[in-house]
Amino acid sequence: MQKNTMIIGIVAILLASAVLVASGATDVDAEGETKVVYTTDGSVGTVQFYVGNIETIDPQVRIQDVDQGEGKTYSATFADGIITVKHPDYANLDGEIKYWVFPADGSGVYYAEGTFYAGTITFDGNGAEGTMDPVTVGGTYILPACGFDIPTGKEFVGWQVEGAGDVMIAGTEYIVTGTVTLKAVWNEPVDVPVTSVEINQQDPEMTIGDSIKLTVTVLPENATDKNVVWTTSNDKVATVDQNGLVTAVGEGTAIITVTTVSGGFTDTCNVSVEDIPPTVVDVTGVTLDKTEMALFDDNKTGILVATVLPSNATNKNVTWTSSDPTVATVQGGVVTPLKAGTTTIMVTTENGGFTATCNVTVTAVAPDHIVVEPVDTVYEVGETYNGDVKVTLVYNNGTLEAVPEGGYTVSPETIDTSIPGTYDVTVMYPGLEPVTYQVVVKAPGQVAITVTVVGGGLFGGAVLHWDNNTKAITSTETVVVDEGTVVTLNCDGLFTPTVMVDGQLVDTPYVFTASADVTVTVMFPADDDDDDDPFVPPVVVPADDDDDTTTYVVAIAAAAVVAILAALILMQTRKS
């Protein structure tokens with residue numbers, strides 16, 4: 001008996017220790033130093049967090065306007081070290097904004113947290129003509145080039161905040177602190193004459209067909225006019241364009257000259273060209289980017305890409321063949337399906353006869369399932385049931401086709417609407433799974449509430465409360481209540497859903513008096529983990545602080561559970 005008790009105690013301690021280790025997660029940036037960029041087009045706001053190269057999937061972002069004291073969480077994307085979130089709720093951020101960036105797995109890890117400021121930047125031309133549209137931005141903003149008409153005899157220097165302080169040049173990162181006006185700064189240009197020019201390369205030796213880019217240094221570095229003109233003494237040997245690109249075209253020598261437009265200063269470069277026959281590189285193999293390809297017999301082609309090895313092979317010509325051209329043909333790597341069946345596409349190199357193949361399967365386009373959209377699902381007592389539905393045929397290649405009336409059957413064809421109640425209506429298409437939807441007939445003085453939940457998952461959904469009744473909804477259902485009934489709409493789930501009542505956004509819990517038929521749509525984020533607790537920002541636990549009691553809340557709870565289990569086992573053992 002004592003041995004059993006000792007083993008149970010050890011297991012409890014080990015499990016508690018495992019939980020403690022798991023809780024010691026660290027964040028990527030909990031100091032608020034993450035670079036933030038906020039932009040908006042007036043209808044959708046975009047916030048980007050430059051967090052560097054981290055491993056993450058399905059990041060979540062919560063933005064809270066400090067003045068309004070309200071925040072919402074939405075899914076984000078991650079690519080190239082940047083976490084991006086876009087949403088209409090972020091279209092008009094202004095002032096101090098708090099943010100949290102964390103993964104959807106609820107692991108207690110912060111990718112970033114902190115605050116940034118957003119505001120509207122307007123531009124003052126400082127006497128110049130033209131306009132520049134204001135922009136609403138936040139975080140880091142790259143100062144733009146001047147969009148005003150530059151006054152005659154002046155040059156644009158940069159921008160000043162409210163026309164005072166340091167001048168910031170275009171392209172500078174400016175940290176937004178709120179709504180501000182940037183004023184253009186102008187300077188009188190100074191004409192600095194050219195004193196010399198020099199070609200930077202040594203006299204090159206070239207082979208016919210080769211090219212080289214010559215560069216020059218015009219002095220002084222701040223010369224006003226650094227434009228130059230390039231010429232060649234013998235265009236049968238080497239040509240040169242006005243960007244300094246020299247191309248060897250024949251054996252011999254040529255003198256390349258550069259001349260400054262301002263001052264006429266010159267420098268030269270002697271080019272020697274010889275004719276060396278090209279080296280022949282034999283082919284060693286060929287590969288295809290696919291070894292298997294699936295197509296439908298709808299004439300939508302597939303593409304195969306052949307790679308001839310080595311990459312510098314002299315002759316990269318190939319030929320394409322199909323083992324069964326009645327199933328699919330191939331030309332230049334473009335595979336065209338003709339009928340259901342299989343064929344092998346082969347590519348063969350002209351040099352060496354190396355081959356590579358791809359097995360192609362062509363499937364006949366066939367209907368997969370139907371989508372049914374009823375015209376009406378709620379009827380008054382005595383109202384004529386029309387049974388009209390819109391039926392769409394979905395093929396296995398994704399093609400959609402409307403099914404005309406008569407191409408499907410509806411059962412029952414009629415409903416006795418003199419009797420209130422809920423009736424199942426089934427739509428059938430030959431050879432495919434039937435689809436059933438519900439028709440509600442409501443009595444006089446009743447109101448129909450139709451709720452559709454999207455993305456709720458197993459536990460996330462909507463809950464209606466009225467009188468002493470409660471109805472949980474996870475897909476689409478219609479509830480009938482008496483007119484004048486007070487109804488409360490709640491939503492379960494970790495993340496706050498978007499809720500629309502008759503096309504208008506509302507917050508939950510939403511309380512209304514049933515006076516007319518109502519349509520409710522509840523849309524959860526795609527990565528809702530179905531936890532029905534209200535949102536709480538993840539707790540970031542310092543990895544090296546073993547004395548922080550908050551770190552061990554989960555571990556203590558787990559240890560308590562294990563202790564209870566141990567007690568139950570001990571009691572059972574004593575009984576036996």
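With rounding to the nearest 0.5 Å, the separation of CE in M132 from SG in C146 is 6.5 Å. The OG1 atom of T521 sits 12.0 Å away from the CD atom of Q504 when rounded to the nearest 0.5 Å. Within the model, atoms CG of D267 and CD of E198 stand 6.0 Å from one another, a figure rounded to the nearest 0.5 Å. The line from CG of N234 to CD1 of I255 is 9.5 Å long, rounded to the nearest 0.5 Å. Put simply, CZ on F49 and CZ on F116 are 6.0 Å apart, with the number rounded to the nearest 0.5 Å. From Q48, atom CD reaches atom OG1 of T84 across 4.0 Å, with rounding to the nearest 0.5 Å.
Atom CD of E251 is surrounded by more than 12 heavy atoms from other residues, nucleotides or ligands within 6.0 Å. Crowding of I169 atom CD1: a count of heavy atoms from other residues, nucleotides or ligands under 6.0 Å not exceeding 12. Crowding of K86 atom NZ: a count of heavy atoms from other residues, nucleotides or ligands under 6.0 Å not exceeding 12. Sparse packing is recorded around CD of Q202, with 12 or fewer heavy atoms of other residues, nucleotides or ligands lying under 6.0 Å away. Dense packing is recorded around CG of L338, with more than 12 heavy atoms of other residues, nucleotides or ligands lying under 6.0 Å away. Summarising the local packing, NZ of K98 is surrounded by 12 or fewer heavy atoms from other residues, nucleotides or ligands at distances under 6.0 Å. Atom CG of N222 is surrounded by more than 12 heavy atoms from other residues, nucleotides or ligands within 6.0 Å. The neighbour count for F156 CZ, taken as heavy atoms of other residues, nucleotides or ligands under 6.0 Å away, is above 12.
For the residue pair T259 / T266, no side-chain donor-acceptor distance below 3.5 Å is found, with atom types taken as modelled. With hydrogens and angles left out, the side-chain atoms of N200 and T217 include a donor and acceptor closer than 3.5 Å. Residues D225 and N227 bring a donor and an acceptor atom of their side chains to less than 3.5 Å of each other. Donor-acceptor pairing under 3.5 Å is recorded for the side chains of D298 and N397. Checking E292 against N359 by side-chain atom types alone, a donor-acceptor pair falls below 3.5 Å. A donor atom on one side chain and an acceptor atom on the other are not found under 3.5 Å apart for N351 and T349.
With contacts defined as side-chain heavy-atom distances shorter than 4.5 Å, the pair T224/P193 does not qualify. Looking only at side-chain heavy atoms (C-beta outward), V37 and V47 stay at 4.5 Å or farther from each other. Looking at heavy atoms from C-beta onward, Y111 lies in side-chain contact with I83 at the 4.5 angstrom threshold. Proximity of L505 to T498: side-chain heavy atoms (C-beta onward) are separated by under 4.5 Å at one or more points. You'll find the side chain of Q201 reaches within 4.5 Å of the side chain of T215, heavy atoms only. Residues N92 and T136 have side chains not in contact (no heavy-atom distance under 4.5 Å, counting atoms from C-beta outward). At a threshold of 4.5 Å between non-hydrogen side-chain atoms, the residues L182 and L143 count as touching. By the 4.5 Å heavy-atom criterion applied to side chains, P525 and T73 are not counted as neighbours.
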Would D124 and N126 count as a side-chain hydrogen bond (donor to acceptor under 3.5 Å, both in side chains) here? Give the steps.
CA-CA 6 Å; D124 182 349; N126 192 14; over 6 Å; no
Pair E350, K316 - check salt bridge (charged side-chain N to carboxylate O under 4.0 Å, His left out), show working.
CA-CA 7 Å; E350 186 176 283; K316 292 188 176 182; over 6 Å; no
Assess the residue pair T253 and S272 against the criterion (side-chain hydrogen bond (donor to acceptor under 3.5 Å, both in side chains)); give the C-alpha distance rounded to whole Å, side-chain angles, the decisive distance to 0.1 Å, and a yes or no.
CA-CA 5 Å; T253 60; S272 299; over 6 Å; no
Could you walk me through whether S322 and T343 satisfy the side-chain hydrogen bond (donor to acceptor under 3.5 Å, both in side chains) test, starting with their C-alpha distance in whole Å, then the side-chain angles of each, then the deciding distance to 0.1 Å, before giving a yes or no?
CA-CA 7 Å; S322 171; T343 185; 2.9 Å; yes
List the steps and the verdict of side-chain hydrogen bond (donor to acceptor under 3.5 Å, both in side chains) for T122 and T181.
CA-CA 5 Å; T122 57; T181 297; 2.8 Å; yes
Yes or no on side-chain contact (heavy atoms from CB on, under 4.5 Å) for D289 and T307, after CA distance, side-chain angles and deciding distance?
CA-CA 8 Å; D289 63 327; T307 301; over 6 Å; no
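Without hydrogens or angle criteria, W230 side chain to L214 main chain gives no donor-acceptor distance under 3.5 Å. Judged purely by atom type and a 3.5 angstrom limit, T140 has no side-chain atom pairing as donor or acceptor with the backbone of K35. Between the D507 side chain and the Y510 main chain, no donor and acceptor come within less than 3.5 Å of each other. A donor-acceptor pair is defined here as one N or O able to donate and one able to accept, closer than 3.5 Å; such a pair exists between the side chain of D241 and the backbone of L245.
Under the 30°/60° scheme for interplanar angles, the aromatic rings of Y74 and Y90 are found to stand perpendicular.
In summary, of the residues considered (T172, I175, V135), a side-chain contact (heavy atoms from CB on, under 4.5 Å) with Y141 occurs for V135 alone.
The nearest pair of heavy atoms linking A313 to D282 is CB-O, 4.4 Å. Of all heavy-atom pairs between P337 and T301, the closest is CD-CA, 4.2 Å. Summarising the geometry of V347 relative to A306, their closest heavy-atom pair is CG2-CB, 4.1 Å, with the distance given to 0.1 Å.
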